[in-house]
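Worksheet for the structure shown next.
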Amino acid sequence: MNFEEIKQDEQQYLMHTYGRFQTALVSGKGAVAKDVDGKEYIDFTSGIGVNSLGYCDEGWVKAVTAQAATLQHISNLYYSPLQTAVAKKLCELTGFDKVFLCNSGAEANECAIKIARKYSFDKYGSGRQKIVTLVNSFHGRTVTTLAATGQDVFHNFFFPFTEGFEYAAANNIEDLKAHLTDGVCAVFVELIQGEGGVMPLEPAYVEEVQKLCQEKDILFMIDEVQTGISRTGHFYCYQGYGLQPDVVTSAKGLGGGVPIGACLCSEKLSDVMTAGTHGTTFGGNPIACAGAVEVLSRVAEPGFLQEVREKGDYFRAALASMGNVSEVRGQGLMIGIVTEKDNAKEIAAKCVENGLLVLTAKDLVRLLPPLTITYEEIDRGLAILKKVMEA
C-alpha cells in the first residue's frame, strides 16, 4: 500500500482521535525511522517517550521475541517469574516495597488514586477522599484521570467526571496549603509537567509539599509516566530532587515499546490493596515484562544515566544558539523549546517534511528522543531542526 491508500483506510475505518502528521512509518533502527515510501526520519520523539532503547534494539528484540515464542500470556491468577523480576528490580532501584503492574500510565495513575483513597478509608473512615493535583497537570485520558488533570480544556464532553479532585497552583505553597483541608488524602504531582509544556517544579516547593504531606498523613504521590525510566538523567526524576514519595507511577519507557505500566508504593502502603480490590487482564503479561526486564537491566546503570545527562546538555547548548529560540527547559532528554515566533505546530509539520520527527506541548516544541540516540543522530536531527526553526 502507498501512503494515500493507508491514509484513505485510516479515514474510513479508524475513529478520528488523532491529528496525524503526513507520514506512515513502517520500520526503524536506533533513532531512525522509515516510512512506507522508504524516506528516513531522525526521531526525536521515541513514540512519545516510549522507545527508550530506540527502534529494534538487538537485546530488546531478542528478549521480546524469545518470550513471544515461549509463553505470550497467562492469567494473573498464576505466578509469573517475569512479573516478579520486574517488580524486584523496580524495588531494588527505588527503595519502594510493592509494585502493581498494568498496561499504561493512566492505569498506573488509577491504581495510585485507589491506593490513596483506600489507605485513608482504612485508617480514617469515609469522608477523607479528596486528592489535590496541580493546575496545568496531565494524568491520563480515562474519565477519572481526566478529572485528576488540572487543565480546564480536558473537563468537557464526558460528564459526569469522577469527583474528589482539587487543583492547586504549581510552585505556590500557600495555594497548596489552602487546599489541604481535613478531607484530603493525597497530593499527586508531576515533577516536570510534560503535556503541560515541560514545566519543572521548583525543588524548594516540592520539598515543602513533601513536608506538609508527612505532617498531615497525606500521601505524597508522583506521576513519573513521562519523567521516569531515566528520561531526565535520573532513573526516576524524584531521585534528582532528593525525595522519597509514598507512591510513584510509571509507564512509557519502561517496556521499551510494549505496553506496560507500574504503580510503586512504600512499605506503609504495601498491604492496602488486597485480593479483589484491583486487577487487570493484560497487565504484567510475559511479553511486556520481558521487554521491561531488558530495559531495566541497562538504563539504570550510572554510566548510562551520565550519558543521558550529557546528551541533554549537548542538545540544550545547540538549541540555545539557534534562531527563533527564546527558552529551552527540561532535564536530561526531556526538552521543551519555546519559540520566538510562537509557531511550534508549524515547525513540527515542517520537520516531518524535512525528515525529522518532533512533538509539541502547549505552545512549544518538545523533544523526547531515544535514550540511546547517538551523537551522529543528534547532529543530523539538529541540522534539520535548525533549518526549519530559522526559515
- Item | Crowding at NZ, K345 (>12 non-hydrogen neighbours, <6.0 Å) | no
- Task: Look at the side-chain heavy atoms of Ile, Leu, Val, Met, Phe, Trp and Tyr, link any pair under 4.5 Å apart, and say whether L371 and L368 land in one connected group.
- Result: no
- Got more than 12 heavy atoms from elsewhere within 6.0 Å of OH, Y79? no
- Message: Any non-hydrogen side-chain atom of P369 less than 4.5 Å from a side-chain atom of F315?
- Response: yes
- Query: Taking atom CG of D182 as the centre, does the number of heavy atoms from other residues, nucleotides or ligands within less than 6.0 Å exceed 12?
  - Reply: no
- Task: Assign the ring pair Y238 / F96 to parallel, tilted or perpendicular, where the plane angle (0 to 90°) is split at 30° and 60°.
- Result: perpendicular
- Would one find more than 12 heavy atoms of other residues, nucleotides or ligands at under 6.0 Å from atom OH of Y375? yes
- Do we see a donor-acceptor contact under 3.5 Å between the side chains of N109 and D223? yes
- Single-linkage hydrophobic cluster, 4.5 Å side-chain cutoff, V184 and I173 together: yes
- Message: Could you go through E340 and V325, starting from their C-alpha distance and side-chain angles, then the distance that decides it, and tell me whether this counts as side chain to side chain contact (heavy atoms under 4.5 Å, CB included)?
- Response: CA-CA 6 Å; E340 293 176 351; V325 173; over 6 Å; no
- Count the heavy atoms belonging to other residues, nucleotides or ligands that lie under 6.0 Å from CD of E310, then report whether that count exceeds 12. yes
- Residues pairing under salt bridge (Lys or Arg N to Asp or Glu O under 4.0 Å) where one sits in residues 147-169, two or more places apart or in two chains, turn out to be K130-E166
- Query: With distance as the sole test, does N343 use its side chain to make a donor-acceptor pair with the main-chain N or O of E346 at under 3.5 Å?
  - Reply: no
- Task: Taking all heavy atoms of R316 and all of I335, pick out the closest pair and write down the distance.
- Result: NH1-CG1, 3.6 Å
- Message: Would you say that more than 12 heavy atoms from the other residues, nucleotides or ligands in this model lie under 6.0 Å from the NZ of K268, or not?
- Response: yes
- Task: Quickly, which of T162, T249, T144 forms a side-chain contact (heavy atoms from CB on, under 4.5 Å) with I113? Name it, please.
- Result: T144
- Query: Does D379 CG have over 12 foreign heavy atoms under 6.0 Å away?
  - Reply: yes
- Just by distance, with hydrogens left out, do S270 and E267 show a side-chain donor and acceptor under 3.5 Å apart? no
- Task: Please say whether the positively charged group of R20, taken as NZ for Lys or CZ for Arg, lies over the ring of Y18, i.e. under 6.0 angstrom from the six-membered ring centre and within 45 degrees of the axis.
- Result: no
- Do C263 and V247 come within less than 4.5 Å of each other through their side chains, counting heavy atoms only? yes
- Residue pair T280, N103: steps toward the side-chain hydrogen bond (donor to acceptor under 3.5 Å, both in side chains) verdict: CA-CA 8 Å; T280 169; N103 304 285; 3.2 Å; yes
- Message: Once rounded to the nearest 0.5 Å, what's the spacing between atom CG of L176 and atom CG of N171?
- Response: 11.0 Å
- Task: May I ask you to test the V206-E208 pair for a side-chain heavy-atom distance under 4.5 Å?
- Result: no
- Query: Passes ring pair (Phe, Tyr, Trp, His ring centres under 6.0 Å), H155 versus Y167? Steps please.
  - Reply: CA-CA 13 Å; H155 301 157; Y167 318 107; 5.5 Å; yes
- Task: Specify the closest pair of heavy atoms between A186 and M221, including all atoms of both residues, with the distance to one decimal.
- Result: CB-CE, 3.9 Å
- Report yes if some heavy atom in the side chain of C185 is under 4.5 Å from a heavy atom in the side chain of I218; otherwise report no. no
- Task: Check whether any side-chain heavy atom of M322 sits under 4.5 Å from a side-chain heavy atom of K387, and report yes or no.
- Result: no
- Message: Quick one, F220 with L243, criterion side chain to side chain contact (heavy atoms under 4.5 Å, CB included). Give me CA distance, side-chain angles, the key distance, then yes/no.
- Response: CA-CA 10 Å; F220 180 39; L243 306 169; 4.1 Å; yes
- Item | Which atom of M334 lies closest to which atom of T232, heavy atoms considered | SD-CG2, 4.5 Å
- Whether T227 side chain and C237 backbone form a donor-acceptor pair below 3.5 Å: no
- Query: To the nearest 0.5 Å, what is the distance between CG (D9) and CG (L14)?
  - Reply: 9.0 Å
- Task: List the steps and the verdict of side chain to side chain contact (heavy atoms under 4.5 Å, CB included) for D43 and L25.
- Result: CA-CA 11 Å; D43 186 0; L25 304 179; 5.9 Å; no
- How many angstroms lie between CG in L191 and CG in L134, if you round to the nearest 0.5 Å? 9.5 Å
- Kindly say whether T145 contributes a backbone atom to a donor-acceptor pair with the side chain of T142 at under 3.5 angstrom? yes
- Note on the structure: Applied to residues 66-77, the side chain to side chain donor-acceptor pair (under 3.5 Å) test, sequence neighbours excluded, yields N76-Q83
- Task: Quick one: do N51 and D57 satisfy side-chain hydrogen bond (donor to acceptor under 3.5 Å, both in side chains)? Show the steps, please.
- Result: CA-CA 9 Å; N51 298 327; D57 172 85; over 6 Å; no
- Message: I'd like to know whether CZ of F121 has more than 12 heavy-atom contacts from other residues, nucleotides or ligands below 6.0 angstrom.
- Response: no
- Approximate separation, where rounding is to 0.5 Å, of F21 CZ and C351 SG: 9.0 Å
- Note on the structure: In this structure, CG of L382 is separated from CZ of F44 (nearest 0.5 Å) by 4.5 Å
- Message: On the six-membered ring of F304, is R309 placed so that its NZ or CZ lies under 6.0 angstrom from the centre and within 45° of the ring axis?
- Response: no
- With sequence neighbours excluded, what pairs up with E195 under the salt bridge (charged side-chain N to carboxylate O under 4.0 Å, His left out) test? R366
- With salt bridge (charged side-chain N to carboxylate O under 4.0 Å, His left out) as the test, would you mind laying out the steps for R380 and E40 before giving the verdict? CA-CA 11 Å; R380 285 176 62 188; E40 288 192 349; 3.4 Å; yes
- Message: Is it true that Q151 and K362 share a donor-acceptor pair across their side chains at a distance under 3.5 Å?
- Response: yes
- Least distance between heavy atoms, H179 atom then D175 atom: ND1-O, 2.8 Å
- Query: Does a donor on one side chain and an acceptor on the other come within less than 3.5 Å for S250 and Y236?
  - Reply: yes
- Task: For V32 and I42, run side chain to side chain contact (heavy atoms under 4.5 Å, CB included): C-alpha distance rounded to whole Å, both residues' side-chain angles, the deciding distance at 0.1 Å, then the answer.
- Result: CA-CA 5 Å; V32 180; I42 299 296; 3.8 Å; yes
- Passing option when V187 is tested against I222, L180, T133, I131 for side-chain contact (heavy atoms from CB on, under 4.5 Å): L180
- Note on the structure: Taken to the nearest 0.5 Å, the spacing of E390 CD from L385 CG works out to 9.0 Å
- Quick one: does H16's side chain have a donor or acceptor within less than 3.5 Å of a partner on Q11's backbone? yes
- Message: Please evaluate residues Y124 and D217 with respect to the criterion side-chain hydrogen bond (donor to acceptor under 3.5 Å, both in side chains), reporting the C-alpha separation (whole Å), side-chain torsions for both, the decisive distance (0.1 Å), and the verdict.
- Response: CA-CA 11 Å; Y124 298 100; D217 195 23; 2.5 Å; yes
